[in-house]
> 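My questions will all concern the structure given below.
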Amino acid sequence: MASSRVPSNLHYILLSSWCLSSLFASAEDSPITRIAFGSCANQSAPQPIWEAINKFDPQVFIWLGDNIYGDIRKPNRLFGKERTIGPWRNSPRFVPSSESEMKLRYAKAKSNPGYARLQRKARVIGTWDDHDYGLNDAGKEFDRKVVNQRLMLDFLDEPIDSPRRKQAGVYASYMFGPSNRRVKVIVLDTRYHRDPLRSDGSILGDTQWGWLEDELRGPHSEITIIASSVQVISNLSATTGPLFYMESWGRFPKERKRLFQLIQDTKRNGVIFISGDVHFGEITRYDCAVGYPLYDVTSSGLVQSVEKVFPRPLRFIVRLLFWYTPNTMRVINDNCRYRSCTYGQQNFGAISIDWDANPATVRLEIRDVNGITALSTNVSLSELQPPGSKSMTDPTTKGKSQRHCTLEVELQGITRYRLAVLVYFIIAVLAMALVGLIIGAVLTITACVYKCKLD
């Protein structure tokens with residue numbers, strides 16, 4: 001029986017690959033005008049957002065990681081024999097799943113009717129993040145990455161003879177559209193070769209860095225989308241620490257500087273980053289890295305979202321904290337649904353390209369579960385050019401760029417850590433109030449006992 005299953009599976013994958021290649025054979029000739037992307041899609045939860053994505057009708061959909069949640073999360077326990085949180089923690093909060101369990105979770109994700117419909121009409125590509133890589137926050141030390149790479153590529157219907165099945169990591173590149181309207185998509189792998197957090201080591205590894213340089217020096221494209229599972233521009237951890245930290249390129253400053261330097265050295269035009277991971281959406285911008293503005297559109301998540309963990313009446317607190325936390329890179333404009341210009345509910349990212357405009361324009365959006373815009377900004381392709389172009393010599397451009405030239409780590413202490421100051425102040429006030437109540441209760445009880453004795 002086992003010998004008959006293997007050819008059957010191979011036949012299915014080969015047939016699927018042939019059907020997909022036939023369906024999208026014209027992608028290189030037809031201009032790409034609609035791209036959707038997203039991350040953090042818990043396969044065990046309802047996924048109504050696929051209806052909105054299908055209505056957007058993207059020609060390309062890009063997975064940005066956490067395409068499934070493959071690891072197992074243990075309950076939060078502060079006390080007891082197995083403690084998963086707190087200063088006395090003696091057990092990890094996350095453990096990896098078996099290969100068979102990973103297959104079941106991928107099968108469940110793939111069988112979702114909304115996602116299946118998207119697959120039939122759009123080119124689906126992507127990368128992974130930690131939970132589909134196999135373990136929360138894991139990097140190159142994870143010992144199941146080879147097996148899980150095969151499972152992830154099976155999920156994406158990657159052809160049997162694809163170079164991605166032979167290399168160490170899931171990075172890849174794609175070119176869409178005809179001459180003068182080309183869109184290049186570079187999909188990075190920020191897990192397979194990543195050094196430990198706080199090491200300021202490597203994210204991509206030497207081989208992937210060499211590959212990326214070749215891609216950036218390769219054939220010209222009007223737009224180059226670089227997909228990273230973690231944020232590239234924003235470094236929110238610099239302002240949320242020491243309360244909590246999130247993964248990002250900003251936590252590997254040498255690597256991020258190297259990435260920016262590579263884009264500048266190769267004079268690659270039209271670079272736009274897209275990212276996921278953080279369970280909220282935002283659009284960030286950095287103007288002082290490569291000679292033109294670099295945008296990062298973060299879409300997270302398709303299912304998981306930061307506001308989801310709060311009761312509806314308390315969700316305003318999340319928005320208030322987003323607004324209060326300093327962020328020098330976030331795009332603030334009138335197109336934001338909330339004052340913080342973040343969106344903490346289920347969302348997907350959308351890129352719309354108007355090739356007929358003069359100059360051509362790109363609309364970057366975060367859309368909600370109903371397909372309604374929550375955040376957006378319009379970018380002219382003439383702005384995304386290396387130094388020397390007309391847009392870079394425009395004196396009005398320089399003035400508008402100043403706000404997006406200060407890194408979060410460069411903020412002064414009281415401004416940078418004001419969230420932590422606020423939280424610790426509230427904790428101190430509550431602690432003093434609790435102590436006051438306890439003292440008041442003790443004094444009241446003592447007075448009552450004394451009075452009773454007198455009586």
Side-chain angles (χ1 to χ4, degrees), residues 5-24 27 37-41 43 60-71 96-112 115-116 118-120 122-135 138-140 142-176 185-194 204-205 207-208 211-212 215 225-230 274 276-277 302:
R5 283 184 180 179
V6 175
S8 176
N9 290 338
L10 286 174
H11 179 267
Y12 172 76
I13 295 174
L14 287 170
L15 182 60
S16 299
S17 301
W18 179 84
C19 291
L20 287 170
S21 62
S22 299
L23 181 61
F24 304 117
F37 53 93
S39 63
C40 307
Q43 72 285 345
V60 178
F61 179 83
I62 306 171
W63 281 108
L64 294 174
D66 293 342
N67 312 327
I68 63 164
Y69 279 66
D71 48 0
S97 297
S98 65
E99 179 181 349
S100 59
E101 180 60 28
M102 290 285 287
K103 287 182 178 179
L104 290 174
R105 296 185 184 198
Y106 270 123
K108 186 169 186 177
K110 202 168 185 178
S111 65
N112 182 285
Y115 177 61
L118 176 69
Q119 278 192 302
R120 290 193 294 269
R123 177 72 182 274
V124 177
I125 59 177
T127 187
W128 56 13
D129 200 31
D130 51 349
H131 294 292
D132 43 351
Y133 181 60
L135 187 63
K140 68 179 184 181
F142 186 55
D143 60 359
R144 303 189 189 184
K145 58 187 179 182
V146 175
V147 171
N148 288 352
Q149 175 174 339
R150 171 172 53 82
L151 299 180
M152 196 278 263
L153 295 177
D154 288 346
F155 172 70
L156 293 178
D157 293 319
E158 194 75 18
I160 292 297
D161 59 348
S162 169
R164 297 178 88 186
R165 292 187 179 273
K166 301 177 180 66
Q167 68 188 25
V170 299
Y171 53 89
S173 70
Y174 308 84
M175 186 74 82
F176 301 102
V185 179
I186 297 175
V187 176
L188 301 178
D189 185 332
T190 63
R191 292 291 163 188
Y192 203 100
H193 302 281
R194 198 211 68 194
L204 302 184
T207 301
Q208 190 175 179
W211 168 85
L212 178 59
E215 292 296 325
I225 296 173
I226 301 180
S228 167
S229 66
V230 296
I274 57 175
D277 178 59
L302 296 169

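Just so you know, these numbers come straight off a predicted model, no measurement behind them.
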> Can you measure from NZ (K103) to OG (S98) and round to the nearest 0.5 angstrom?
10.0 Å
> Main chain of A107, side chain of S111: is a donor-acceptor contact present, judged purely on distance under 3.5 Å?
yes
> Once you round to the nearest 0.5 Å, how far does NZ of K166 lie from CD of Q149?
11.5 Å
> Would you sort out whether R165 and D154 count as a side chain to side chain contact (heavy atoms under 4.5 Å, CB included), showing the intermediate values?
CA-CA 10 Å; R165 292 187 179 273; D154 288 346; 2.8 Å; yes
> Could you walk me through whether W128 and N67 satisfy the side-chain hydrogen bond (donor to acceptor under 3.5 Å, both in side chains) test, starting with their C-alpha distance in whole Å, then the side-chain angles of each, then the deciding distance to 0.1 Å, before giving a yes or no?
CA-CA 7 Å; W128 56 13; N67 312 327; over 6 Å; no
> Taking atom types as modelled, find out whether D71 and H131 have a side-chain donor-acceptor pair closer than 3.5 angstrom.
yes
> Less than 3.5 Å apart, any donor N or O on the side chain of T127 or S229 sitting next to an acceptor on the other?
no
> Taking C-beta and beyond as the side chain, do D130 and L135 meet within less than 4.5 Å on heavy atoms?
no
> Could you tell me whether the side chain of H193 and the main chain of A168 form a donor-acceptor pair under 3.5 Å?
yes
> For R191, which of D129, D132, D66 qualifies under salt bridge (charged side-chain N to carboxylate O under 4.0 Å, His left out)?
D129
> Only one of V170, V146, L204 passes side chain to side chain contact (heavy atoms under 4.5 Å, CB included) with Y192; say which it is.
V146
> Donor-acceptor pair, Q43 side chain versus Y69 backbone, under 3.5 Å?
yes
> Heavy atoms, side chains only, cut-off 4.5 Å: are V187 and Y174 in contact?
yes
> Tell me, do W211 and I186 make a side-chain contact under 4.5 Å, heavy atoms counted?
yes
> Between atom CG of L212 and atom CG of D189, what is the distance when rounded to the nearest 0.5 Å?
12.5 Å
> Looking only at the aromatic ring of each residue, does the gap between the centers of W63 and Y115 stay below 6.0 angstrom?
yes
> Atom OG in S39, atom CG in L302: separation rounded to 0.5 Å?
6.0 Å
> So M152 and Y106, do their side chains get closer than 4.5 Å, heavy atoms only?
yes
> Measure the spacing between OG of S173 and CD1 of I225 and express it to the nearest 0.5 Å.
13.0 Å
> Is there a side-chain contact between K110 and Q119 in this structure, where contact means two heavy atoms from C-beta onward sitting under 4.5 Å apart?
yes
> With the side chain counted from C-beta on, respond yes when I125 and L156 share a heavy-atom pair under 4.5 Å apart, and no when they do not.
no
> Give a yes or no on whether the ring-centroid distance for F142 and Y133 is below 6.0 angstrom.
yes
> Given side chains that start at C-beta, do those of R194 and V230 come closer than 4.5 Å, heavy atoms only?
no
> Does a salt bridge link R150 with E99, judged by any charged N lying under 4.0 Å from a carboxylate O?
yes
> Can you tell if the side chain of T207 reaches within under 4.5 Å of the side chain of Y171, non-hydrogen atoms only?
yes
> Could you grab the distance from atom CD of E215 to atom CD1 of I226, nearest 0.5 Å is fine?
10.5 Å
